[in-house]
Amino acid sequence: QVQLMESGGPSVQAGGSLRLSCAASGVTRDNSYCLAWFRQAPGKEREGVARIIVGGGGQYYAGSVKGRFTISTEKANNTLYLQMNSLKLEDTAMYYCAAGGSGCTWAPLSKEKYHSWGQGTQVTVSS
């Protein structure tokens with residue numbers, strides 16, 4: 001059974017940096033092909049931010065965060081990370097980590113391709 005738990009989302013000023021973590025248990029190549037970060041701002045649809053292939057590689061980013069965010073994994077402790085730099089006010093949202101099936105390899109940021117979700121961690125960027 002896949003279980004995901006996010007952490008690391010306090011408030012930060014615009015232009016600052018933040019690193020989110022997601023403790024992932026039960027994720028194997030038998031049940032998941034990708035790990036990803038999504039976010040949802042109040043009144044908006046949940047949107048994909050970044051994806052990485054289970055085992056490493058295949059990083060893919062939404063245009064709005066490319067060059068500012070970096071997704072990575074640490075196999076030793078089964079943790080997914082999202083390093084966020086040059087944060088903007090519009091990055092304020094609830095951030096979720098997710099594990100996806102085979103469809104996430106060709107639709108990397110489509111939430112319908114992801115079968116397991118964490119509970120989310122709030123990120124607030126202030127001016």
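For Thr92 against Gln122, the heavy-atom pair with the smallest separation is CG2-NE2, 4.0 Å. Summarising the geometry of Tyr61 relative to Ala50, their closest heavy-atom pair is CD2-CB, 3.6 Å, with the distance given to 0.1 Å. What you find for Val2 and Ser32 is that their closest heavy atoms are CG2-OG, 4.2 Å. Counting all heavy atoms, side chain and backbone alike, Ser64 lies closest to Arg39 at OG-NH2, 3.5 Å. Ala24 and Leu4 get closest at one heavy-atom pair: CB-CD2, 3.6 Å. What you find for Ala62 and Gly48 is that their closest heavy atoms are CB-O, 3.5 Å.
Taken to the nearest 0.5 Å, the CG atom of Asn85 stands 6.5 Å off from the OG1 atom of Thr70. Note that CG of Leu20 is 12.5 Å distant from OG1 of Thr79, once rounded to the nearest 0.5 Å. Rounding to the nearest 0.5 angstrom, the gap separating the OG1 atom in Thr73 from the CG atom in Asn78 is 9.5 Å. Note that CD of Gln1 and CD of Gln3 are 5.0 Å apart. Values are rounded to the nearest 0.5 Å. The structure places OG1 of Thr124 at 11.0 Å from CG of Leu89, a figure rounded to the nearest 0.5 Å. Taking CD from Glu47 and CG from Leu109, the interatomic distance works out to 9.0 Å, rounded to the nearest 0.5 Å.
Within the 4.5 Å cutoff, side-chain heavy atoms of Leu82 are placed close to those of Phe69. Between Val27 and Val54, the closest side-chain pair of non-hydrogen atoms falls below 4.5 Å. Looking at heavy atoms from C-beta onward, Arg68 lies out of side-chain contact with Ser17 at the 4.5 angstrom threshold. Contact annotation: the side chain of Trp106 approaches that of Lys113 to within less than 4.5 Å [non-hydrogen atoms, C-beta and beyond]. Inter-residue side-chain proximity for Tyr60 and Ile52 is flagged as unmet; no heavy-atom pair is nearer than 4.5 Å. The side-chain heavy atoms of Ile71 and Tyr81, taken from C-beta on, include no pair separated by under 4.5 Å.
Sorted by first and then second residue, the disulfide bond (SG atoms under 2.5 Å apart) pairs involving residues 65-127 (not counting sequence neighbours) are Cys22-Cys97, Cys34-Cys104.
Distance alone, capped at 3.5 Å, is enough to place a donor-acceptor pair between the Gln40 side chain and the Lys44 backbone.
The cationic atom of Arg46 (NZ for Lys, CZ for Arg) lies less than 6.0 Å from the six-membered ring centre of Tyr96 and within 45° of the ring axis.
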Evaluation steps, ring pair (Phe, Tyr, Trp, His ring centres under 6.0 Å), between Trp117 and Phe38: CA-CA 10 Å; Trp117 297 83; Phe38 286 76; 4.9 Å; yes

Worked verdict on Val12 versus Ser126 for side-chain contact (heavy atoms from CB on, under 4.5 Å): CA-CA 6 Å; Val12 64; Ser126 60; over 6 Å; no

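Tyr114 and Val65 fall into different hydrophobic clusters, where Ile, Leu, Val, Met, Phe, Trp and Tyr are joined by side-chain heavy atoms under 4.5 Å apart, directly or via other members.
Side-chain contact of Tyr95 with Glu6: a donor-acceptor pair under 3.5 Å is absent, judged by distance alone.
More than 12 non-hydrogen atoms from other residues, nucleotides or ligands lie less than 6.0 angstrom from CD of Glu90. Atom CD of Gln119 sits in a crowded spot, with more than 12 heavy atoms from other residues, nucleotides or ligands closer than 6.0 Å.
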